[in-house]
Each structure stands twice: as structure tokens, then as C-alpha cells.
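To keep things clear, I will list the structure first and then write my remarks on it.
This chain uses plain numbering: 1 for the first residue, then up along the sequence.
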Amino acid sequence: MELRVLRAAVAALLGLSGALMYAGSWQRWAGACSWGEVEGGGCDLLQDHRYDFVAPSAPWEPVGDAAQLAGWSLLVLALAFVLLPWAFTGRRPGVFAAAAVVGAALALVAVGAATLRSGLTGSVVHPFASDLALFVWFLVPPILLIRWAVTARGWAARAAAVWLVLASPLVAAFSYAIGPYDSQPWWEAISGMLTATAGLCLLAAAAFSDRSGRRETASAGAATTVEHGTASFS
């Protein structure tokens, strides 16, 4: 029952994070690029990297509230990330894994807070321990997620881990974030949808884990009954 509640809570956080990132992407691209459009007028202009709002870097020009929304998305994701080891595996992580999780969460907080502050001030704010935070944010979460995809309890939890790997900036930077000029239109929205899909999978894991738990309890009870019956017969 506790695992079920935990998975449902983390699923809600992932859904919120994904929705906020999608909303940030909407701020950048809506009105200039239709979904699937990659060329034409304002759409070409917005593909320039100076409009990138996920961990913005100079030179940068803000577009609406995109950076604020992305900053909140990363902060919510950081909260979810702390709980992911329990939600995926149902057990406490080891010392080294826990240290990696804390490091990844702190990097998410640093990048998210800097992105939020950049949006609020209208100028680039670098994360605390900038280079290190960006490196950890970019590299460590996918490594942990791949590990959890292997060790997770249940197919739905494994699927959630895979979707989160696909939503990571590491995968995006080498695939769907690459556009014909600079940034692919709506790539942040794709990342947000992948994160929300991971939340849906974890919600399914919450439902199925409860059923699996009841089946395991029933099986254990049946085995105990058989053992007692065999002992009495003997």
C-alpha cells in the first residue's frame, strides 16, 4: 500500500513537471510555428539558440514566461527525482546510489533555480557551481534512470524509467532537439510529454503493484496452508 501511494505521488509530480515544460514550449513556439512546422518567417527566427530557455546562456532573449515555467518544471522534477529510487524499486538505494541521486537532484535544483531567476530578471543567471551543475544535470540522471529501468519492479515502472531517459536533455540534445537551423521547434514540449508519459506509466505501476501485492499475499497464504496440511497429514 505504501509503494502504491508513493508511486501515485511521484506520478503526479512527473505529470506536473511535464505540463510546465510543455507550457514553456508553448510560450516560445505558439503563434510562430505550428506543430510539425520547421520553416517559415517567425518560426525560422525562434529556432536561434539565443531563444533557448532551458538553462539559458548568453546571448539570450526571453520569450514570454517560458524560462519561468521551465524553471518550475525542473524544480518539480528534482523533487520527484529524490523519490524515484523507492518508486521504481520499492527499496532504499545503497550508499553510492543515494549519493548519486542527491547529486542529480541538487543539480536539477541549481539549473531549475537559475532558469527561473533568468526568466524573472530577463537576463542570464548562471547556476551555482555552473559547469559542475550543468555536467551533472546533463549526464547523471540518464545513467541512474537506465539502471532503474533494469532493476525496477514491474513492467510499468520499467517503462516509466525508459520514458524519462528519452525526456532527458542528454537524449534530446542528440535527437529531437536538433532542428534544421538550431533548435527543433517544440522540442521542449516533446520532452515534457515524455515526462508526463512516464508519470502515467508510474500511475499504472501504482495500480498494478497493489494487485501484485494481493496476489503475492494470497500465494504465500496458500503455500502456508499446504505446508500445514502436509505436516498434519504426516
Side-chain angles (χ1 to χ4, degrees), residues 1-26 54 68-94 97-98 100-109 111-113 115-116 136-138 140-172 176 186-217:
M1 182 63 179
E2 292 180 0
L3 179 60
R4 182 186 183 187
V5 173
L6 176 63
R7 283 179 165 177
V10 176
L13 291 172
L14 293 176
L16 177 58
S17 176
L20 288 167
M21 188 61 74
Y22 185 97
S25 189
W26 179 274
V54 181
Q68 293 97 304
L69 291 164
W72 282 116
S73 172
L74 293 174
L75 291 173
V76 172
L77 184 60
L79 178 58
F81 210 89
V82 173
L83 302 173
L84 282 179
W86 288 272
F88 282 140
T89 66
R91 60 181 182 273
R92 183 172 55 187
V101 170
V102 170
L106 289 176
L108 279 165
V109 169
V111 175
T115 302
L116 176 60
V136 174
W137 167 66
F138 198 76
V140 174
I143 294 174
L144 289 171
L145 288 164
I146 290 171
R147 178 184 177 184
W148 293 330
V150 175
T151 60
R153 287 177 54 182
W155 63 268
R158 291 191 183 96
V162 171
W163 287 117
L164 285 176
V165 172
L166 296 177
S168 68
L170 176 64
V171 173
Y176 57 84
W186 296 95
W187 78 265
E188 311 94 346
I190 296 172
S191 177
M193 289 190 295
L194 292 170
T195 302
T197 301
L200 290 175
C201 289
L202 207 53
L203 193 61
F208 284 109
S209 65
D210 187 57
R211 296 180 185 178
S212 299
R214 286 199 297 266
R215 284 197 296 268
E216 290 174 4
T217 301

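Using a 4.5 Å heavy-atom threshold, the side chains of P142 and S168 count as touching. L200 has its side chain out of reach of W163: every pair of non-hydrogen atoms, C-beta onward, lies at least 4.5 Å apart. Counting only heavy atoms from C-beta outward, the side chains of F88 and L202 approach each other to under 4.5 Å. Side-chain contact between M21 and L77 is absent, with no heavy-atom pair separated by less than 4.5 Å. By the 4.5 Å heavy-atom criterion applied to side chains, W86 and P93 are counted as neighbours. Side-chain contact between T195 and Y22: absent, with no pair of heavy atoms (C-beta onward) separated by less than 4.5 Å. Between F81 and L144, some side-chain heavy-atom pair lies under the 4.5 Å cut-off.
The two residues P85 and V101 make their nearest non-hydrogen contact at CG-CG2, 3.7 Å. Shortest non-hydrogen contact noted between P141 and A104 is CG-CB, 4.0 Å. Across all non-hydrogen atoms, the minimal contact from R91 to T151 is NH2-CB, 4.3 Å. Heavy-atom minimum distance, A152 versus R158: O-NH2, 3.1 Å. What you find for L14 and A80 is that their closest heavy atoms are CD2-CB, 4.0 Å. Taking all atoms of both residues into account, the shortest heavy-atom contact from A8 to A206 is N-CB, 4.0 Å.
Between the side chain of S191 and the main chain of A167, a donor-acceptor pair closer than 3.5 Å is present. The backbone N or O of M193 sits less than 3.5 Å from a side-chain atom of T197, completing a donor-acceptor pair. Remark: the backbone N or O of A207 is not paired with any side-chain donor or acceptor of R4 at under 3.5 angstrom.
Taking CG of L166 as the reference point, atom CD1 of I190 lies at 11.5 Å (rounded to 0.5 Å). Distance check, rounded to the nearest 0.5 Å: OG1 of T115 to CG of L108 gives 10.5 Å.
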(request) Decide yes or no on side-chain contact (heavy atoms from CB on, under 4.5 Å) for L84 and V10, but give the supporting numbers first. (result) CA-CA 7 Å; L84 282 179; V10 176; 3.6 Å; yes
(message) L164 vs W148, test: side-chain contact (heavy atoms from CB on, under 4.5 Å). Steps then yes/no.
(response) CA-CA 11 Å; L164 285 176; W148 293 330; over 6 Å; no
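Between W26 and W186, the ring planes lie perpendicular to each other; the angle is over 60°, past the 30° to 60° tilted range.
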